[in-house]
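Indexing begins at 1, ligand by ligand and atom by atom, following the structure's order. Since the model is a prediction, treat every value here as computed from it, not as a measurement.
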Amino acid sequence: MADLWKTCTVAPNVLIRNVRLVLPASQKSQGAHPSTPVDLRIKDGKIAEIGSNLTLTGQEIEKDMNGAYVSPGWMDMHIHLREPGFEHKETIETGTRSAAFGGFTAVACMPNTNPASHSRDVIEFIRSRAEAYPVHVYPIGAVTRDRKGVALTEMADMKEGGAVAFSDDGDPVFDSNVMRIALEYSSMLGMPIINHEEDLSLSRPGHMHEGAVSTALGLEGTPSIAEEIMIARDILLAEMTGGHVHVAHISTRRGVELVREAKARGIRVTTEVCPHHFDLTDEEVRKRHFDTNVKMHPPLRTQDDVEAMIEGLKDGAIDALCTDHAPHSQEEKEVEFIYAPNGVIGLDTAWSRCVECLLDPGHLSLETILDKWIVAPRQILSIPVPTLELGSKADLTFFNTDEEWLYTKACVHSKSHNSPYLDQKMKGRAVGIYSKGSFVDNPLS
Ligand SMILES: [Zn+2]
């Protein structure tokens, strides 16, 4: 772990100087914090003291954070770690490193590995591999055997092994009866089914969003309705079974409206959105001359959809933020657009996209954005939410909202480089985390 983690220090006792405390919106009742920078003492991995000019004791290391914010640790509930099976794209080590440097102290990883994370063995393998690294890894188990959409997995067994949800992500649970039974079982276990919402009979062989741009470029498109029909079906199945559907990586206006309406009717549906879907549109495919780093599923959609994502984040129709971090090697992405695999990495740039697209234009407050990275994902997955309360386990993210930086290949901590943001100017950066008793510094490389 040496070189990859050279800025990681195992440090149960740390005196962190010069930080501004900020709580996510729903933790506001836990007390007001001073807006001026303070010191924060971590003793035996727990938050022991918060105050001005705290005295350094013999057993502590000292870190000056230069006025950065500190919040409870962020969680990305939708990433692809690729191990086991696709270690040429990412490993648990490189993926957690990318998460740590993006400001995340926890991630949930999708089961489209090889073998698929469809059994307790694979869930336990991922958890044990992740133990050494300073990021909590929560595996998501497959809904069906080999993610083939036919035979249900041993859900209860996977829950025992540490799975936090079920999903066939990468592919939808396409068969409605399989989805119905999966919702019935998972609701008995108190866990959500996270569905990649795609009606394959409508979407294939789509290479981008179906609309004016795909027509102009002569590319076959994936229409919005391929996503919306599956969301509508899953809402009806959730209503019928009483199960909890979590709509993965939502991207269309009508999709958000369906979730909003369902919530108003008391149906157990939640959803998440990725930064690229509230930032970029299908015009990027034209502007960037078929750059495969703007190819993902769901595809980049229209400006109207981008606005609907922001409205959904504002009024709570969209619960959580996530990246859908999906590493692919250079060889896999450096092919013609129609042959390239779907997906982009996103852990490095998630925070700066939130600053530039949500915070700076005044769409969402800092506290509301943090809620969607800290509280919502963990509530959806029934994971304890970290706090800044004295005596609680220190699980912290340090970040700023004003630092300007250039996102170059040298800043990429993932094993793969398939980002739509390479060589672009960014604003706002995660500067470190404290997690699992270790401090990880994120100097700008
Ligand atoms: Zn997906």
Side-chain angles (χ1 to χ4, degrees), residues 76-82 85-86 89-90 95 107-114 116-118 138-144 146-149 164-175 178-179 182 192-200 202-209 222-231 233-234 245-252 255-256 259 269-278 280 292-301 305 309 318-328 332-333 340-347 350 377 380-381 416 418 420:
D76 187 344
M77 66 179 293
H78 188 145
I79 77 163
H80 299 269
L81 284 175
R82 304 298 192 205
F86 302 103
K89 298 172 193 270
E90 192 79 286
V107 294
C109 55
M110 284 296 174
N112 54 341
T113 48
N114 186 22
S117 312
H118 60 183
Y138 297 96
I140 294 168
V143 178
T144 63
D146 294 314
R147 296 172 45 257
K148 287 217 160 77
V164 293
F166 304 106
S167 179
D168 277 355
D169 188 54
D171 294 298
V173 178
F174 193 41
D175 183 299
V178 170
M179 186 63 172
I193 302 281
I194 302 174
N195 203 13
H196 167 115
E197 310 286 0
E198 179 180 4
D199 183 323
L200 302 171
L202 285 162
S203 64
R204 296 219 163 134
H207 306 295
M208 64 177 294
H209 172 69
T222 292
S224 297
I225 201 160
E227 183 173 338
E228 294 153 355
I229 277 189
M230 288 295 268
I231 295 175
R233 181 203 73 171
D234 286 349
V245 166
H246 180 76
V247 171
H249 42 51
I250 201 162
S251 75
T252 80
V256 175
V259 171
V269 55
T270 49
T271 190
E272 61 186 26
V273 66
C274 308
H276 47 263
H277 286 128
F278 59 71
L280 305 173
T292 58
N293 289 331
V294 293
K295 184 179 180 187
M296 67 286 284
H297 193 93
L300 298 175
R301 305 233 187 238
D305 296 302
M309 297 308 115
I318 300 175
D319 305 80
L321 290 157
C322 71
T323 64
D324 193 10
H325 176 83
H328 291 293
E332 290 164 310
K333 276 288 199 181
N342 285 308
V344 293
I345 58 169
L347 290 162
I380 290 164
L381 301 174
S416 297
N418 53 311

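Of all protein atoms, those that are N, O or S and lie under 2.8 Å from the Zn ion (ligand 1) total 3.
For the atom pair CD1 (I250) and SG (C274), the distance works out to 11.0 Å, reported to the nearest 0.5 Å.
No more than 12 heavy atoms of other residues, nucleotides or ligands shown are found within 6.0 angstrom of CD1 on I225.
For S416, the side-chain hydrogen bond (donor to acceptor under 3.5 Å, both in side chains) criterion is met by no residue, not counting sequence neighbours. Every residue meeting the side-chain hydrogen bond (donor to acceptor under 3.5 Å, both in side chains) condition with S251, not counting sequence neighbours, appears here in chain and number order: E227, R301. Take T271 and apply the side-chain hydrogen bond (donor to acceptor under 3.5 Å, both in side chains) test, not counting sequence neighbours, and it matches no residue.
Taking a cutoff of 4.0 Å between a charged side-chain nitrogen and a carboxylate oxygen, E332 and K89 qualify as a salt bridge.
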